[in-house]
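Only a predicted model underlies this, so the values are computations on that prediction, with no experimental measurement involved. These numbers come from the heavy atoms of this one structure, side chains and all, not from hydrogens, waters or symmetry mates.
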Amino acid sequence: MSEQPKPQDVVIGGNLQKGITGQYSLSVGEVLKESLRMTSNRFLRLFPAMMIFMAIHLTILWIAMLQMTDMETIQAGLDSLKLVMTATANTGMSLEDSLTPEQITQIKSVVNELLHALGVSVFIAYVLTGPLYAGYCMQSMNISVGLETRIGDIFKGFRFTVPFVLLMLVIGGIELVIPSLLMVYLTLATMFTPYLMIEKRLPLFRAIGYSFVAFHKRLLPLLLIGMTIFIAGFILSLLTQGLAFFFFFPLWFMAKAICYRNAFGLTLRIEPKEGQASPAATDDDQTPPSQGSSGHFDA
């Protein structure tokens, strides 16, 4: 009676040591090319999952907005916007010259109230959708090593509800009080954090610390990758009335997952089919599972 083949863990890409020391291969052109290819090939899986993510995010935002204010204030804000547009368009004068001081005071009061409510609501939605963010990261990790993913996999992130709600609280709280340029830096410097929490099971602040170290070890290529996607996405979204955003959103997640794979590695459980020997594991294997075995990444 032959011995049943045992599952084998295989690491694809780098490892924790390589990630924090920067000793791994990272080509800006190759990462962007691979991200484009993988996003295009799996777009029909990534797009519906993204729409689920956004729909739940916007629903939470709207509910939070209604708790912070009321429909009368929202309607007053819309009326104020219409009044400003009409007054300046018809008269061709500045806002101060086309409206009375009382109208300007009322508009500023309504706008300030709405901006405060919107800011708090966005933060609440950002925090509460943390588990969906984790699920989308898991999908991008699967794709980055050639594994299949389903639309519903975005809900697998709920097993990380507590750590990811805390992550969103920390990152979102910091972003509320720093300038926009620093927000971009923070986004890039913490790009590995969710993947380290999911795949390496690191606690929140250690994952943030490792992500900062890894980012600065390969600062230039990671900065170029991030800024290329941000700037191209921004320009093309303007030119396409926002449509390009729906491609660049999953593209950014794919780019992060590929950079993470190259830097820190992804551990796959390979389960050989009956009659097949277990594959040998290496620390820096760059190839996905072969067709003769069943591989899966199960955070």
Side-chain angles (χ1 to χ4, degrees), residues 11-28 30-32 34-35 122-123 126-127 129-141 144 157 160-231 233-234 248-267 283-284 297 299:
V11 178
I12 297 180
N15 55 48
L16 196 60
Q17 184 64 27
K18 290 180 179 179
I20 60 178
T21 58
Q23 302 301 312
Y24 58 92
S25 174
L26 188 67
S27 166
V28 174
E30 289 301 318
V31 170
L32 292 175
E34 189 176 4
S35 302
V122 168
F123 177 70
Y126 182 76
V127 170
T129 51
L132 295 175
Y133 184 89
Y136 211 70
C137 289
M138 293 171 68
Q139 285 186 301
S140 64
M141 280 193 284
S144 74
F160 300 101
T161 295
V162 173
F164 267 79
V165 166
L166 291 175
L167 171 64
M168 296 305 186
L169 275 172
V170 172
I171 302 300
I174 295 173
E175 289 181 346
L176 282 175
V177 297
I178 61 176
S180 299
L181 191 59
L182 286 179
M183 285 176 59
V184 175
Y185 164 74
L186 183 66
T187 299
L188 292 172
T190 58
M191 62 185 293
F192 295 128
T193 302
Y195 300 94
L196 287 167
M197 293 172 65
I198 293 169
E199 201 266 336
K200 294 290 189 283
R201 292 295 202 279
L202 294 183
L204 172 60
F205 290 105
R206 184 180 298 176
I208 292 175
Y210 281 5
S211 182
F212 265 86
V213 171
F215 175 71
H216 288 96
K217 285 293 182 180
R218 300 303 297 270
L219 178 62
L220 184 58
L222 291 173
L223 187 63
L224 286 173
I225 291 168
M227 295 310 297
T228 299
I229 293 174
F230 289 172
I231 294 172
F234 177 74
F248 277 87
F249 182 88
L251 177 66
W252 171 232
F253 276 81
M254 279 310 314
K256 290 193 294 181
I258 291 168
C259 289
Y260 176 85
R261 180 201 66 198
N262 291 354
F264 292 98
L266 278 167
T267 303
D283 288 337
D284 55 357
F297 163 73

[X] to [Y] - nearest heavy-atom pair and separation:
X	Y	result
N262	Y24	O-CB, 3.4 Å
S211	M191	OG-N, 3.5 Å
L222	F215	CD1-CA, 3.7 Å
I225	C259	CD1-SG, 3.8 Å
F164	P131	CB-N, 4.3 Å
C137	I198	CB-CD1, 3.9 Å

* Do F264 and F192 have ring centroids that are under 6.0 Å from one another? -> yes
* Asked: Would you say the ring centroid of F230 lies under 6.0 angstrom from that of F234?
  -> no
Answer yes or no: is there a donor N or O on one side and an acceptor on the other, between the side chain of [X] and the main chain of [Y], under 3.5 Å?
X	Y	answer
R261	L266	no
S144	M141	yes
S35	V31	yes

Taking atom [atom1] of [X] and atom [atom2] of [Y], what is their separation to the nearest 0.5 Å?
X	Y	atom1	atom2	value
L167	F205	CG	CZ	9.5 Å
M168	Y133	CE	OH	5.5 Å
T190	K256	OG1	NZ	7.5 Å
I171	M183	CD1	CE	11.0 Å
I229	L224	CD1	CG	11.0 Å
E199	Y260	CD	OH	3.5 Å

* Asked: Between I20 and K217, does a side chain to side chain contact (heavy atoms under 4.5 Å, CB included) hold up when you go through it step by step?
  -> CA-CA 7 Å; I20 60 178; K217 285 293 182 180; over 6 Å; no
* To do: Report the C-alpha separation of R206 and L196 in whole Å, then their side-chain angles, then the decisive distance to 0.1 Å, and conclude whether the side chain to side chain contact (heavy atoms under 4.5 Å, CB included) test is met.
  => CA-CA 9 Å; R206 184 180 298 176; L196 287 167; over 6 Å; no
* To do: Just do the side chain to side chain contact (heavy atoms under 4.5 Å, CB included) check on L202 and T193 with the steps written out, would you?
  => CA-CA 9 Å; L202 294 183; T193 302; over 6 Å; no
* Side-chain heavy atoms of P194 within contact of F160, under 4.5 Å -> no
* Check whether any side-chain heavy atom of E30 sits under 4.5 Å from a side-chain heavy atom of I258, and report yes or no. => no
* Determine, stepwise, if the pair F248 / L251 fulfils side chain to side chain contact (heavy atoms under 4.5 Å, CB included). => CA-CA 5 Å; F248 277 87; L251 177 66; 3.7 Å; yes
* Asked: Which class fits the ring pair F253 and F249: parallel under 30°, tilted 30 to 60°, perpendicular over 60°?
  -> tilted
